[in-house]
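Notes follow the structure.
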Amino acid sequence: MSRPIRDLVRALAFCEEKLPGATADAVEDVINDARDRAEMNLTGKVLNRRSGALLRTLRVDVSARNNKVTAQLQAGGRGVNYARIHEMGGTIEGKPWLVFQLPDGGWRKVRRVTIPRRPYLEPAIEAAMGDLGPQLREHLSPLLSFKALP
C-alpha cells in the first residue's frame, strides 16, 4: 500500500473515532443555547415568572449511540405539571369544579378553563438550530483538512 493511501486510511480511522464525540459536542452546545433561550422565554417574554419552579425544571439530555446523536430540551416534572399545558395549550376540566384565586384576591369556580398555547421550548429550539451548522464546522474542523492545489 502506498504512503498516501496509508495516510488516508489512518486519517479516516482517526475521524471515525473522533467524529461522534465532536458531533455530540456541537449538538450539546446548540441544545444548551436552546435552554438559555427557553430560560429567557420564561422570564417574561412568553410566560411571566412567579415562583421560578418551571424555570428550575429546564433540563438538557444529549446522547450519542450507534452513530446517532440525539438531544432533548425538557421542562416540567414533579410539582410542575403545568409545563405541558403552557407549551401545547388545551382545556382543563374540573371534576366537578375548578377553584382558583384571582390576582385581585377573589376566588373563581368554573367547570373548565382553556389555556392558550404559549410555547417557550419549541421557539427556543428552532432559534438555536440556526447555529448547528457553524457549531458543527467549529467542532469538526480540527478533524478535517482540505487543500486546494493548483
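Residues take their numbers from the sequence shown, with the count starting at 1.
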Donor-acceptor pair, distance only, cut-off 3.5 Å: does the side chain of [X] make one with the backbone of [Y]?
X	Y	answer
Glu87	Arg117	no
Asp104	Gly106	yes
Asp33	Asp29	no
Tyr120	Ala83	yes

Rounded distance (nearest 0.5 Å) linking atom [atom1] of [X] with atom [atom2] of [Y]:
X	Y	atom1	atom2	answer
Ser63	Gln72	OG	CD	8.0 Å
Ile125	Leu132	CD1	CG	12.5 Å
Glu138	Asp25	CD	CG	10.5 Å

[X] and [Y]: which non-hydrogen atoms are nearest, and at how many Å?
X	Y	answer
Ala64	Val69	CB-CG2, 4.1 Å
Ala128	Val30	O-CG1, 3.4 Å
Val62	Ala71	CG2-CB, 4.1 Å
Thr43	Met40	OG1-O, 2.9 Å
Thr91	Arg112	CG2-CD, 3.8 Å

Are any of the side-chain nitrogens in Arg37 or Asp131 under 4.0 Å away from the carboxylate oxygens of its partner?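 Yes, this pair counts.
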Heavy-atom side-chain contact between Leu55 and Glu39 under 4.5 Å: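 Result yes, sub-4.5 Å side-chain heavy-atom pair found.
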Leu136 vs Thr23 side-chain heavy atoms within contact, under 4.5 Å: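 They are in contact (side-chain heavy atoms under 4.5 Å apart), so the answer is yes.
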So if you build clusters from Ile, Leu, Val, Met, Phe, Trp, Tyr with side-chain heavy-atom gaps below 4.5 Å, do [X] and [Y] land together?
X	Y	value
Val110	Leu102	yes
Val113	Leu54	yes
Met129	Ile31	yes
Ile92	Met88	no
Ile115	Tyr82	yes

In terms of heavy-atom contacts, does CZ of Arg118 have more than 12 from other residues, nucleotides or ligands at under 6.0 Å?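 Yes, because the 6.0 Å sphere around CZ of Arg118 holds more than 12 heavy atoms from other groups.
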Does a sphere of radius 6.0 Å around CZ in Arg59 hold more than 12 heavy atoms from other residues, nucleotides or ligands, not counting ones at 6.0 Å or beyond?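 Result for CZ/Arg59: enclosed.
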Side chain to side chain contact (heavy atoms under 4.5 Å, CB included) assessment of Leu58 paired with Leu121: CA-CA 9 Å; Leu58 286 176; Leu121 296 174; 3.7 Å; yes
